[in-house]
Every structure is written in structure tokens, then in C-alpha cells.
Amino acid sequence: DGTAVNQKAAFPNYDKFLGKVGKQQRTPANQLDWYIDWSVNINQSLSVIHDAVIKDCLTAGQEYVPDSFRLYTVQPVKQPVSASEYNVIIKPFDQITGEQSMEFHFKNPIDREYLLEYSTLITKEEAPFTMSNAVQLDGENVQIINKQEQTSVMAVHATTTAGSNRPRSPYGSISILKKDKASSLP
């Protein structure tokens with residue numbers, strides 16, 4: 001009938017690009033190693049983002065578990081995304097700071113909300129301590145998007161490295177041979 005309608009709609013997540021949570025696993029996977037499970041909410045704003053890249057930096061005392069990276073779409077239900085849709089680049093440790101970083105590249109523009117989950121191995125040997133993880137989203141749209149988030153987790157258990165003074169060493173067995181002090185016989 002030609003009547004104009006003038007209404008506003010509120011979208012509460014219009015400016016939410018990143019959210020991050022970390023939690024230490026309550027029981028170690030193999031009774032020696034302890035992990036932190038990280039979850040990153042990406043693009044809750046439902047923006048169209050081209051060349052989207054998640055950049056993540058760990059503080060010293062943890063390292064990425066390479067095969068732990070999983071990406072999911074969130075709406076309408078949590079669905080896994082094929083690994084062919086993204087690339088994960090784990091960078092070597094910084095020899096000075098002991099920090100490690102990674103980049104997570106989306107191969108196509110994104111326009112929905114995603115959940116990125118991955119784990120880090122705790123390599124620090126004394127507990128308790130705080131582990132931090134900074135994450136950043138870079139991408140292009142009408143304007144360049146650069147959002148950052150930092151999250152910390154209080155770790156209450158440390159990884160046992162069988163007496164090594166290195167941050168991460170291969171586990172192995174140890175044999176002890178006791179000898180009599182006087183006779184030097186076992």
C-alpha cells in the first residue's frame with residue numbers, strides 16, 4: 001500500500017569479533033603431561049571478513065599440540081569444519097623469550113560465527129603458575145579489522161619431565177645400580 005516503515009533492530013553482538021577461554025584439563029592424558037584446552041569464539045558479529053587470520057601467542061611454559069586444532073561453525077548447531085577450509089602455521093619457539101605463536105588462516109571469506117578449539121602442553125615444571133595466551137583477529141572488509149584478546153589460566157599442575165632441566169624432554173626409563181661402598185659389588 002506504499003506505507004513506509006521506520007523501525008530499528010538491535011543486534012547485541014555487532015562488535016564482538018573475539019572471545020577466549022582456557023581451562024586446564026583436570027586429569028592428565030597419560031599421567032605425566034598436563035594440558036590447557038583453549039576455545040576461541042570468532043566473528044560473533046556475523047560480519048563478512050575477507051582474508052581472516054587468527055594470530056595466537058603463548059607465554060613461556062606451554063607449547064601447541066599440533067593435532068589438537070579443531071574448527072566448528074556454531075549456528076544453528078555446532079558442526080565441524082573440514083581442515084581443507086583453513087591452514088594452521090605453528091611457528092618455532094622464540095629462543096630468547098621461550099614463547100611460541102601460531103597463525104590460523106581461513107581460506108575463504110567468513111560470514112558466520114566459528115569456534116576454534118585446541119590444546120597446549122604445559123612444559124613448566126613448578127606449580128601453581130599463570131599461563132597466558134594472547135589472540136588477535138586480522139582481516140579485511142570495508143575497514144581493516146584488528147581485534148585482540150588476552151586470557152590467562154591458573155595452572156595448578158605441572159608436567160613432570162623425569163628430572164630434566166629442559167622445558168620439554170623425551171620421557172624414558174632410568175636404571176639404578178646400587179653398589180656396596182666397601183666392596184663395590186652390586
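None of these values were measured; they are calculated from a predicted model. Any value given below was found using the heavy atoms of this structure, including those in side chains, with hydrogens, waters and symmetry copies removed.
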Could you tell me whether the side chain of Asn43 and the main chain of Arg112 form a donor-acceptor pair under 3.5 Å?
yes

Kindly indicate, with the supporting measurements, whether the criterion side-chain contact (heavy atoms from CB on, under 4.5 Å) is fulfilled by Leu71 and Leu115.
CA-CA 6 Å; Leu71 183 68; Leu115 177 65; over 6 Å; no

Flag the pair Glu103 / Ile54 as yes when at least one side-chain heavy-atom distance between them is below 4.5 Å, and no otherwise.
no

In Å, rounded to the nearest 0.5 Å, how long is the span from CG of Leu18 to OG of Ser45?
9.5 Å

Going by atom types alone, do Asn108 and Glu85 pair a side-chain donor with an acceptor below 3.5 Å?
yes

Side-chain donor-acceptor pair present, Ser119, Trp38, cut-off under 3.5 Å
no

Are side-chain heavy atoms of Tyr114 and Val74 found at a separation under 4.5 Å?
no

side-chain contact (heavy atoms from CB on, under 4.5 Å) evaluation trace for Glu113 with Asn41:
CA-CA 7 Å; Glu113 183 179 355; Asn41 291 89; 3.4 Å; yes

Closest heavy-atom pair, Pro109 versus His50, reported as atoms and distance to 0.1 Å, is CG-ND1, 3.4 Å

Would you say the side chain of Leu137 lies within less than 4.5 Å of the side chain of Ile49, judging by non-hydrogen atoms?
yes

Quick check: are there more than 12 heavy atoms from other residues, nucleotides or ligands sitting under 6.0 Å from NZ of Lys91?
no

Decide whether Ser39 and Asp37 meet the rule of one side-chain donor and one side-chain acceptor closer than 3.5 Å.
no

Is there a path from Val53 to Val40 through hydrophobic residues (I, L, V, M, F, W, Y) whose side chains come within less than 4.5 Å of each other?
no

Do Leu46 and Asp111 have side chains that approach each other closer than 4.5 Å (heavy atoms only, starting at C-beta)?
no

Determine the interplanar angle of the Tyr118 and Phe69 rings, folded into 0 to 90°, and report it as parallel if under 30°, tilted if 30 to 60°, perpendicular if over 60°.
parallel

Glu117/Lys78 salt bridge by N-O under 4.0 Å criterion:
yes

side-chain contact (heavy atoms from CB on, under 4.5 Å) for Thr120 and Met131? Distances and angles first, verdict last.
CA-CA 10 Å; Thr120 57; Met131 306 304 281; over 6 Å; no

Considering the options Leu121, Val88, Asp56, which one meets the side-chain contact (heavy atoms from CB on, under 4.5 Å) requirement together with Tyr64?
Asp56

I'd like to check Gln79 versus Tyr72 (side-chain heavy atoms, cut-off strictly below 4.5 Å). Are they in contact?
no

Determine yes or no for a side-chain-to-main-chain donor-acceptor pair under 3.5 angstrom, with Gln62 supplying the side chain and Ser132 the backbone.
yes

Distance-only donor-acceptor check, side chains Asn133 and Lys20, under 3.5 Å:
yes

Is there a donor-acceptor contact under 3.5 Å from the side chain of Thr73 to the main chain of Gln75?
no

Going by the rule side-chain contact (heavy atoms from CB on, under 4.5 Å), which residues pair with Ser84 if we only count those two or more places apart in sequence or in a different chain?
Ser82

Please say yes or no: joined through hydrophobic side-chain contacts below 4.5 Å, possibly via intermediate residues, are Ile122 and Met102 part of one cluster?
yes

Hey, could you give me the OG1/CD distance between Thr97 and Gln100, rounded to the nearest 0.5 Å?
10.5 Å

Partner set under ring-ring contact (aromatic ring centres under 6.0 Å, His included) for Tyr86, not counting sequence neighbours:
Phe104

Taking the side chain as every heavy atom from C-beta outward, state whether Leu58 and Glu99 have any atom pair closer than 4.5 Å.
no

Out of curiosity, does Phe93 fall in the hydrophobic cluster containing Tyr35 (side-chain heavy atoms, cut-off under 4.5 Å, transitive links)?
no

How far apart are the C-alpha atoms of Ile110 and Val48, what are their side-chain angles, what is the distance that settles it, and do they pass the side-chain contact (heavy atoms from CB on, under 4.5 Å) test?
CA-CA 6 Å; Ile110 62 173; Val48 176; over 6 Å; no

